[in-house]
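Read the structure below first, then the notes.
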There are 2 protein chains.
Amino acid sequence: MATDHTRKRGPLAIGGRLRRLVERMDQDAGRVYADLGVVFEQRWWGVMEHLAEQGPASVAELARALGITQPSVSQTRRSLEVAGLIQAQSDPRDARSRRLDLSDQGRALYRQLAPVWAAMDVVAVELNAEVADVMSMLDSLDAALARTSLYERIRRAMDGPQGGKG
Amino acid sequence: MATDHTRKRGPLAIGGRLRRLVERMDQDAGRVYADLGVVFEQRWWGVMEHLAEQGPASVAELARALGITQPSVSQTRRSLEVAGLIQAQSDPRDARSRRLDLSDQGRALYRQLAPVWAAMDVVAVELNAEVADVMSMLDSLDAALARTSLYERIRRAMDGPQGGKG
DNA sequence: TGTATTTACATAGGCGCCTAACTAATATCA
DNA sequence: TGATATTAGTTAGGCGCCTATGTAAATACA
């Protein structure tokens, strides 16, 4: 009955497991930063990398580039500003918009942490070879769920092929 | 340079992507519950399933069974109690411990949602066939990281095979 | 028996994401 | 030109996890 017991744990268990995997990844990365005596929040990386590589950007541009919501960017932006890593300037083209850019301190930290991130890349490649191609799996999953959402799939499984909301 | 650009996005991007994947899964599941007019938090599932299948349990037992921390269980327990889905009794064998069990209302909800979870299982199998064996990948990843933690891997990549903390 | 250590649990605060709601600015339309 | 719709961004609150801390009970040890 091991198979049946396993079948009892579907996406609900997957979700929890993925969360904890991510949590562990963040913790381990956090330990590396702590070893270097650096205060760094994981969520900062996406914003900093984008600003460093692409130049100043608005909250909306960052949200689009990172694939997260504006409020999330806004909160990260605030955290980064408090830490002195970015600065904001009003955009003369649109009074509502703010251009965010790395501060000198932010640039220095970005450079300092580049070797850490390079090492993380090496580890990702290593794990891909050792275990599974996580990035490819994510790409495939993203594509599959973009095609047909999890919601639709569940509703179809519940209601049958012709039932339920269209 | 597409390959090089991709290599710039290592575990840091993976972490964020996994978080968002989980978020989306929770949202889609939440929409299904909402369709049924049911108020249900994803984190309730692990606790409810364990209590329904294994009987009354303490916070510590649940934490061990679900692989999360005590405070997390404690918070979920509180949420479940407020919702009237579980009840707690003191444990005569240990005055510090509380036995948690599903209330009648909790049992009824568990039964009501069983078809939903069965449908989710179907979808999981479907996605496994369509995309990738996510559960196997998780198993393998968990095992690989239990063998050698991400922290150690990163430190080794940073410091070289002989350097750094042992 | 008294003291030190360990264990069970709750609470506080935080991280990283979300949605809802709001204000203000801009764009569109009649 | 004025009204309406859309957009940019912030804030509040919440979900689901974490660590740190604290209180109380149980256990271990001298």
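Just so it is clear: chains get the letters A, B, ... in the order the sequence lines come, proteins before strands, and each one is counted from 1.
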Item checked: Angle of first-five versus last-five pair axes in the helix from C:dT1-D:dA30 to C:dA30-D:dT1, to 10 degrees ->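 Rounded to the nearest 10 degrees, the bend comes out at 0°.
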What integer distance in Å separates [X]:[atom1] from [N]:[atom2]?
| X | N | atom1 | atom2 | result |
| --- | --- | --- | --- | --- |
| A:R93 | D:dA8 | CZ | P | 12 Å |
| A:M25 | C:dG16 | CE | C1' | 14 Å |
| B:W45 | D:dC17 | CH2 | P | 12 Å |
| B:Q42 | D:dC17 | CD | C1' | 14 Å |
| B:D28 | C:dT19 | CG | P | 11 Å |
| B:E41 | C:dT19 | CD | P | 16 Å |
| A:L62 | D:dA8 | CG | C1' | 13 Å |
| A:Y33 | C:dC15 | OH | P | 15 Å |

Counterpart residues, salt bridge (Lys or Arg N to Asp or Glu O under 4.0 Å), relative to [X] (two or more places apart):
| X | result |
| --- | --- |
| A:E130 | B:R147, B:R153 |
| A:R96 | A:D94 |
| B:D101 | B:R107 |
| B:D26 | A:R19 |

Side chain [X], main chain [Y], donor-acceptor under 3.5 Å:
| X | Y | value |
| --- | --- | --- |
| A:R20 | A:G16 | yes |
| A:S74 | A:Q70 | no |
| A:T76 | A:S72 | yes |

Apply side chain to side chain contact (heavy atoms under 4.5 Å, CB included) to [X] and list each qualifying residue two or more places apart in sequence or on a separate chain.
| X | result |
| --- | --- |
| B:A57 | B:H50, B:L51, B:E61, B:L62 |
| A:A114 | none |
| A:S140 | B:V131 |

Notebook entry, point to check: Which parts of residues 77-87 of chain A get close to DNA chain D, meaning a heavy atom less than 4.0 angstrom away?
Noted result: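 The answer is A:R77, A:R78.
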Next item on the list: Identify, between A:V73 and A:R19, the residue whose nearest nucleotide on DNA chain D lies closer to the 5' end.
Entry: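 Its nearest nucleotide being more 5', the pick is A:V73.
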Note to self: Return whichever of A:F40 or B:A60 has its heavy-atom-nearest nucleotide of DNA chain C closer to the 5' end.
What the structure shows: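 Taking each residue's closest nucleotide, the earlier one in sequence belongs to B:A60.
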Note to self: Taking the minimum atom-to-atom distance to the side chain of B:V59, which one of C:dC9, C:dG16, D:dG9 wins?
What the structure shows: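 Nearest to the side chain of B:V59 among the choices is C:dC9.
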Item checked: A:D94, nearest nucleotide to its side chain (from D:dA8, D:dA26, D:dC17) ->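 Ranking D:dA8, D:dA26, D:dC17 by closest atom to the A:D94 side chain puts D:dA8 first.
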Under 3.5 Å, side-chain donor or acceptor atoms of residues 83-91 of chain A against the rest of the protein: list the pairs with distances, not counting sequence neighbours.
residue	atom	partner	partner atom	Å
A:D91	OD1	A:R93	N	2.9
A:D91	OD1	A:R93	NE	3.1
A:D91	OD2	A:R93	NH2	3.1

Check: When you check every protein heavy atom under 4.0 Å of nucleotides 18-24 of chain D, what one-letter string (B, S, -) results, 5' to 3'?
Finding: BBB----
Check: Which residue pairs pass the ring pair (Phe, Tyr, Trp, His ring centres under 6.0 Å) test when at least one of the two sits in residues 14-38 of chain B, sequence neighbours left out?
Finding: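 As it turns out, the ring pair (Phe, Tyr, Trp, His ring centres under 6.0 Å) pairs with a partner in residues 14-38 of chain B, which skip direct neighbours, are B:Y33-B:F40.
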Check: So what does B:S58 touch, heavy atoms closer than 4.0 Å: a base, only the sugar-phosphate, or nothing?
Finding: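 The answer is sugar-phosphate, as B:S58 gets under 4.0 Å only of primed atoms, P, OP1 or OP2.
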